[in-house]
Structure formats: C-alpha cells, structure tokens
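Report on one structure; see the data block that follows.
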There are 4 protein chains.
Amino acid sequence: MEKRDLIIEASIQVFTEKGIEKTKISDIAKAASIGQGTFYLYFPSKLAVMPAIAEVMVAKIEAGLKTLQLQGSLSQQLTQIIDVFFEITKQNKETFTLIYAGLTQTQHVQEWENMYEPIYSWFHHFLERVIETKTIKIEHLSKMLVGLIESTAEQVYLYDKEERENELERKRSLVLFLEAGITKHS
Amino acid sequence: MEKRDLIIEASIQVFTEKGIEKTKISDIAKAASIGQGTFYLYFPSKLAVMPAIAEVMVAKIEAGLKTLQLQGSLSQQLTQIIDVFFEITKQNKETFTLIYAGLTQTQHVQEWENMYEPIYSWFHHFLERVIETKTIKIEHLSKMLVGLIESTAEQVYLYDKEERENELERKRSLVLFLEAGITKHS
Amino acid sequence: MEKRDLIIEASIQVFTEKGIEKTKISDIAKAASIGQGTFYLYFPSKLAVMPAIAEVMVAKIEAGLKTLQLQGSLSQQLTQIIDVFFEITKQNKETFTLIYAGLTQTQHVQEWENMYEPIYSWFHHFLERVIETKTIKIEHLSKMLVGLIESTAEQVYLYDKEERENELERKRSLVLFLEAGITKHS
Amino acid sequence: MEKRDLIIEASIQVFTEKGIEKTKISDIAKAASIGQGTFYLYFPSKLAVMPAIAEVMVAKIEAGLKTLQLQGSLSQQLTQIIDVFFEITKQNKETFTLIYAGLTQTQHVQEWENMYEPIYSWFHHFLERVIETKTIKIEHLSKMLVGLIESTAEQVYLYDKEERENELERKRSLVLFLEAGITKHS
DNA sequence: GATGAATGAGGTTTCATTCAT
DNA sequence: AATGAATGAAACCTCATTCAT
C-alpha cells in the first residue's frame, strides 16, 4: 500500500477518535506505522490531509450511486438513491463531521463543490431520464436533491440523537417530498 | 458594550481571518482590546466561544423570520422566507462557515439542532397554517424545508463562485420545488 | 538586572562554552535562569543576540579608550592605546571570535562598522591633536590604525599559539610601525 | 569536474546565499547536483567543507602575488600588492565573510594562520629585498602588512557601503601608510 | 475586575544520517 | 561509487495559562 494512502487511512482513524484539534502528527504517523518525518514528505500539515479524506468519501458516494440498477417506480428509485446517502452517512458519520470541520478550516472550501461535480453529474443524468419538461433547470434540481438528501441524512445521523429512531419515517418523508418536487415539474 | 460581547465579536473576526486552528487567545484579546487574562474571565477556551457565536446567528434568522408579515400566495410567502435565509447567509457567510467548523470540533454538535429548535418551531407554525392534511409529519417537513433552504443558500454563497451569479434563478427554483413538496401533500 | 541583559550575559557564556552551532535556546534560557519562552520575548533567535553582544564589546573598548589620560611622547601614547585593545582582546578572546562568527551569519555585517563609529571618532580626535598636516585623510588614518591594531591583536591572541609568547615584541613593533605611519605625514 | 570540487563550489554558493546555520546538507547536494548520500563520501559535515573553501581563497591570493613582476618604486610595488588583495577581496567578498564565520565555528581557527603561512612567507621575501636594517622583525612586519591590507580591504568591501566609493583614496592612503612604516625602519 | 509578562509543557518541524537499491 | 526515501532524535517555537500587580 502506498505511504500516501496509509497516511490518509490513519488520519481518518485518528481524527475521528481524538478530534482534529487533539490529533498530533505523531499520532497519525504512529497509526500509519511510519516515521514522523515521513508524514511531511506527503503532507505539509495535518489539515492538508482533509481534502484527500473528502475525496475518499465523495468517491464512496459516487461508487454507491453507480452500482445502483435503477428499477421500478420513481419513488422506488428515489428510495434506492436515498439509501445510498443514508447508508454511507451512517457508516461514516465521524468522517463526515470531520470533513465539515476540516475543509472549512483550510482554504479548501471552494474545492468542496468541485469534488461534488461527479455526484451532481450523476443526478443530472438520472433526472434527464426521469423528467421531461423543465420548469426548473436540471442543474439546479440536481443540487437541490443532493443538498436535501444530505442535509436530512446529517440531521438524522450526525446531529440529533432522537432522530436516529425516526430514521425510516424521515426517509419516507424525504421520498415523498422529492417525488413531489420532481413530478410536479415533469 | 459588554466585554463578553466584545469577545464574541472579536472572535468572529479573528476566526474568520485566520481560521480556528491558527487563532490564539492572544489574537482574540488583542482584537477585543482587552487583556489576555480577561478572556478567561468570560470563556474557558477559544472553542467555548463557538456556541455563543452560533446563538447570535440563529437569533438573526429567528428575528428575520419573525419580522415577516406573511401575505399573498404560498409561493410569495415562500419567497419571503427564502429571502431571509439567503440574505443572512450572504451577509454572514464567513460566520456560517465558521460555525460548521467550530461546532463539529467541540462536543457541541448535538447542541446545534437544539439551537435550531426555535426555527423549526417557527416553520411548524407556518406549515400548520398553510397545509391541512399531513402525508408527511409537519416536524419532518419543517426540517426538510430548513435543510433544503440552508443547503441551497450555502451552495450559492459559501461554496461555489459561479453560483453567485445564478442567485435569482436558484431562489426561484427553490420556491417551485418547495411549493411542490408542500402543496402536493396539503 | 534586566531580563534582556541577563540573556546577553548568558548567551556570551554559553556560546563561548559550546560554540554557536551547538548552543540551544534552552541552554541560554537555563543559564539566564529564565523560561525558554521568555527568551523569545526579547530575541527572535539565538543569532539575533549577536549584535547585542557586539555592542557590549565595542562599549568596552570605547570605555577603555576614554579612561586613558594620554601623556608623554607619541610612542608612549600609542602604547597606551594599543594596550587597551590588546588587553580587551586577550580577556575576551572567545567573545571576539564569537562576534566574527555570529555577525557574519546574520544580516548584521553592515552594522558592524556602524558600531565602530564611536571608536573611529575617538581616534579622529586623538589624531587631530597629534598630527597637523594631512597627506592622508584623518578618517582613513583612524580606520587603518584601528584595523591594524585589531588585526594584530587577533593574530596574537586569537589565531596563533606561538604568537602569544611574542606578545611584547609584537606590541613594540606595532608602536613603531604606527608611529612611522603617523609622523611621516605630520 | 571532480565531485569534491563540485561540493566545494556548491557550498560556497549556498553558504553565501543562506548563511551557514541555515544551510542543509541537502541544499548543498542539490546545488551540486549530487545525491545527499554522496556528500558524505567526501566530507563528514557541512563545516568540514570550510577549510577546503579557505584553501581555495588563500591559493588565489598566493597565485595573485606570485604573478606580480614587481618593478618601480616602493610605492609602485606596494600599489601592485595592495591591488591583488583588494581585487580578490572585491570579487570574493561573500566568500571571505564566509570563511571568517566558518573557521571560527569549527576547531580550525588555528589552521587559519597556518594556511596563511605561504602569504607571510611571500611578504618575508619581498621585504628582505626592500628593506635592509630591521628595527622591526621582518616576520612581524609581514604580518602587520598583511593584517593592515586585509583589514582595510574588508572595511572597504565587506562592511561599509560608503567606503566603496572611497576605494581609490583608501588604497592611496594605505600605500602611503605602509611606505612610511617600511621605509622609516629600512 | 483587569492586566500582560512570564512560564514551560508539549506539539511541530527539521535535517543529519542511514541503507537498500 | 552513487543515490534519495525514510527515519526519529532533538531542536525549535508556540501559546494556553497563571498570578503578582
């Protein structure tokens, strides 16, 4: 395994365990089983690892979406899509929290949307197949779908304790809401 | 002006300029024109200022919503609401970025949703007046509305440069989408 | 005693003991009985102490010259002057070595001659009283006297082991040489 | 070109640019276009290069003196000699500064005078031809001549900005002064 | 209550040195 | 002989925190 990837893996692990502020470079190095100096050959600081971590997560979402074999009614398809986001958010909630904290601290905030480009693009293709007339530009619709799905997933898994119990119901509500937004304008 | 408020103001400014990680207590103290020691009389650490900052922003949104005299069609009312969020996000974009970064770093992530309670509550009342039957629970609908409006405002103002130009159109798309989501189930 | 002076004293001591390269900031702090952090309140790096050290030595020379009550023949007066330089060089040879090494490493080489201004000035007054016509500008003569006296003192005390035995004779030679240079043009 | 010489050349360049303290072995290796490890095949440390650098400069002076075909009056001959020192100092001022700093840092201070032996020796022969009776030992006179010429050249080229303009006059003053010192005792 | 000079623990960062290639 | 990625000891330097004023 490449040293760079070792560092990214180790960073995710240590950051999520101890938090960004309390993580020392030496912790990451130890977790990656490399020398402290070696870390600096690949990243100039611990925060500089954040974009690389973000890329990993975005890649997971993209991969999740691409393995979908969309079938059935619109609401069924939406359910499948939502499941991808919810599942990945659920399994990587610390990492997501991490990315928000980390990206905003570096000067990489702008990169965030660029990274999402593949996701938006996927939704674009999806929507093209699903809707016909466009009262709303497909680009904007894509971004709203992604934004709403993610913010809901975050509300459910990252922030609120109670919500986790309402998981299923919130997913169902989300499907209904999205379906309405999409079909109304199809 | 109260010293505590001076510190909050100064923190926003310095955090925004230098980032949380690189901000020293001494920076905040200098910006607030107080002694380093004085800081500790009001806050135990720099991260402890974050919730206070967040409260200020949530209060702004709440105040903005409460001054609305909702009139006209649903879409006109939604437009007014959206304008509140967009305007405040626009004017305080650095502070919002800050809050995401800061809250996730402290153990205050959970508090975030609690703080939003008044906002959700306001939407709850709003929706009660606007819709009648509920396929979707009003609580969930409230959260989706807030989530979607905010994530869109963030996409427009915080992340993507190009989007700022599409401001008006994205707002219009948002109104349409929300309206569909609401009326479909009313 | 002022902290700044404590640091200068301690620096001279530690530098001469261990050499510049091997001296750690912590060594100086310990020798000065202050905290490591305190060092940085007064100097940004160990090399930044060098000009302050140099000033101390120049002040010693100046003080030595100013206590002279020049009397007797020219050669007697020259002997007195030379003794000042030789004595101070002898007693502070490590410090002088230090200064050469230290000043050249910082960007303070230019300051060196500025520091010497009081010495040159003293010689200027001295020569004015001693010579009358000027084939050589008094300014240049001053600098040559200082340069020759110092380079000889350094040859005797800093560099060459054997020379230390010839101390007296080299002083005598120096008096003769200087006298010739001065009187020839008087 | 030999690797050893490559290293010496590169060291002069890098030392001059960054200062001895801030120069890393890797900087020298990069400047010499060799591997870091290769450096150690030729020198055990960066300071160990200093004597080699010094030798190069002393060799230049010696070579300069040996090519002189001393003719004409004493003052003409002195002018020629002085020109050699001034010219070499002028062209290699950074290197000279470097050597002072470097030698004093190593344990090679003593070697300095040994290296100068050929120069002193050359002056010895020169003075033997020029003066006859010796109030001052020729050895001492040699050293004073070298010391005065060099310290003047350094004052002119290394330290003081203004002095560079007085170059010619300081040279003339130097000739007069030396001539007086020599002839008075011949 | 307010201050800021002083502190020193401990994280950051460097870089001489090694050694497998 | 030559290399340069990897190392980690050890220096640097910061900065939260204290406390005498």
Side-chain angles (χ1 to χ4, degrees), chain A residues 2-4 6-7 14 18 20-30 32-48, chain B residues 2-4 6-7 14 18 20-30 32-49, chain C residues 2-4 6-7 18 20-30 32-48, chain D residues 2-4 6-7 14 18 21-30 32-49:
Chain A
E2 281 303 310
K3 288 240 153 50
R4 200 189 117 95
L6 273 174
I7 292 173
V14 184
K18 324 185 84 170
I20 297 177
E21 186 108 359
K22 292 200 175 163
T23 294
K24 306 171 233 167
I25 304 279
S26 62
D27 294 329
I28 299 174
K30 200 177 294 170
S33 308
I34 57 165
Q36 289 197 44
T38 310
F39 177 92
Y40 289 91
L41 293 179
Y42 295 90
F43 296 95
S45 73
K46 66 182 176 185
L47 287 182
Chain B
E2 279 306 308
K3 286 233 156 53
R4 200 189 115 96
L6 271 174
I7 292 173
V14 183
K18 322 186 81 169
I20 297 175
E21 185 108 358
K22 292 201 175 164
T23 294
K24 309 168 222 168
I25 303 278
S26 63
D27 293 328
I28 297 174
K30 199 179 294 168
S33 308
I34 58 165
Q36 289 193 45
T38 311
F39 178 92
Y40 288 91
L41 297 176
Y42 296 90
F43 295 95
S45 74
K46 66 181 177 186
L47 287 181
V49 188
Chain C
E2 281 304 310
K3 287 238 156 51
R4 201 188 114 97
L6 273 174
I7 292 172
K18 324 185 82 171
I20 298 176
E21 186 106 358
K22 293 200 175 162
T23 294
K24 305 171 235 168
I25 303 279
S26 61
D27 294 329
I28 298 175
K30 199 177 294 169
S33 308
I34 57 166
Q36 290 197 46
T38 310
F39 177 91
Y40 289 93
L41 294 179
Y42 295 90
F43 295 96
S45 73
K46 66 182 177 185
L47 286 183
Chain D
E2 279 306 307
K3 286 233 157 53
R4 200 189 116 96
L6 272 174
I7 292 173
V14 184
K18 323 185 81 169
E21 185 106 1
K22 294 201 174 162
T23 294
K24 310 168 221 167
I25 303 277
S26 62
D27 293 328
I28 298 174
K30 199 179 293 168
S33 307
I34 58 166
Q36 290 192 45
T38 311
F39 178 92
Y40 288 91
L41 297 177
Y42 296 90
F43 295 95
S45 75
K46 67 180 176 185
L47 287 181
V49 188

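Order of the sequence lines sets the chain letters (A, B, ...), proteins ahead of strands, with each chain counted from 1. All values derive from a computational prediction rather than experimental measurement.
Using a 4.0 Å heavy-atom cutoff across all strands shown, A/Y42 reaches sugar-phosphate atoms only and no base atom.
Residue side chain C/Q36 reaches the base of F/dC13 through a donor-acceptor N/O pair under 3.5 Å, judged by distance alone.
Along DNA chain F, the nucleotide nearest B/Y40 and the nucleotide nearest C/K46 are compared for position; the residue whose nucleotide lies closer to the 5' end is C/K46. Residue C/G37 is the one, among A/G37 and C/G37, whose nearest nucleotide of DNA chain E lies closer to the 5' end (criterion: closest heavy atom). Sequence order on DNA chain F of the closest nucleotides to A/S33 and C/T23 puts A/S33 first from the 5' end.
Across all strands shown, F/dT7 forms a Watson-Crick or G-U wobble pair, both distances under 3.5 Å, with E/dA16. Across all strands shown, the partner of E/dT21 is F/dA2, judged by Watson-Crick or G-U wobble contacts whose two distances both fall under 3.5 Å.
Checking F/dA2, F/dA11, E/dT13 against the side-chain heavy atoms of A/I25 singles out E/dT13 as nearest. Set against E/dA2, F/dT7, F/dA16, the side chain of B/K24 has F/dA16 as its closest nucleotide.
Of the options D/L41, D/I28, D/I7, a side-chain contact (heavy atoms from CB on, under 4.5 Å) to D/I34 is made by D/I7 and by none of the others. In summary, of the residues considered (A/K46, A/K22, A/K18), a salt bridge (Lys or Arg N to Asp or Glu O under 4.0 Å) with A/D27 occurs for A/K18 alone.
Within the structure, a side-chain polar atom (N or O) of B/T38 is placed less than 4.0 Å from OP1 or OP2 of E/dT3. OP1 or OP2 of F/dA6 lies within a sub-4.0 Å distance of a side-chain N or O belonging to A/K3.
Residue D/E21 holds its CD atom at 5.0 Å from CD of C/E21, rounded to the nearest 0.5 Å. Going from atom CZ of D/R4 over to atom OG1 of D/T38 covers 15.5 Å, rounded to the nearest 0.5 Å.
Note: NZ (D/K30) to P (F/dG4) measures 11 Å, nearest angstrom.
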